[in-house]
Amino acid sequence: MRLNDTTIKALKAPSKGVAYYTDDTLPGFGVRVSEGGTISFVLTHGPLRRRETLGRFGTITTAKEIGRAHV
């Protein structure tokens, strides 16, 4: 799945726990959706595949971050 603001907004909250969705074009980058509907950006990295939260969707958007990367 290619993650962008439109595809992220369309993600449904799981009935229990959390669901993870990864971006096909950026290894290690993804989003976590909680059963309460909170969406957070996550990064999985390193030999132990640690997962770190980068921030909440809404506070941070893909468009904002992509725009910063190209400045």
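These numbers come from a predicted model, not from an experiment.
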[X] and [Y]: same hydrophobic cluster, using ILVMFWY side-chain contacts below 4.5 Å?
{"X": "I39", "Y": "L3", "value": "yes"}
{"X": "V42", "Y": "F57", "value": "no"}
{"X": "Y20", "Y": "L54", "value": "no"}
{"X": "F41", "Y": "M1", "value": "yes"}

Query raised in the report: From S40 OG over to R51 CZ, what is the distance, rounded to the nearest 0.5 angstrom?
Result: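 Reported value, rounded in 0.5 Å steps: 12.0 Å.
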Query raised in the report: To the nearest 0.5 Å, how far apart are CD1 in I8 and OG1 in T6?
Result: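 The OG1 atom of T6 is 9.0 Å from CD1 of I8, to the nearest 0.5 Å.
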Within the distance-only criterion (no hydrogens, no angle test), does the side chain of [X] pair as donor or acceptor with the backbone N or O of [Y] below 3.5 angstrom?
{"X": "D23", "Y": "F29", "answer": "no"}
{"X": "E35", "Y": "G17", "answer": "yes"}
{"X": "T7", "Y": "R2", "answer": "yes"}

Requested in this report: Measure across S34 and A13 and return the closest heavy-atom pair with its distance rounded to 0.1 Å.
Outcome: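 So the minimum-distance heavy-atom pair works out to O-CB, 3.4 Å.
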Report summary line: On a heavy-atom basis, the closest approach of L11 and V33 is CD1-CG2, 4.0 Å
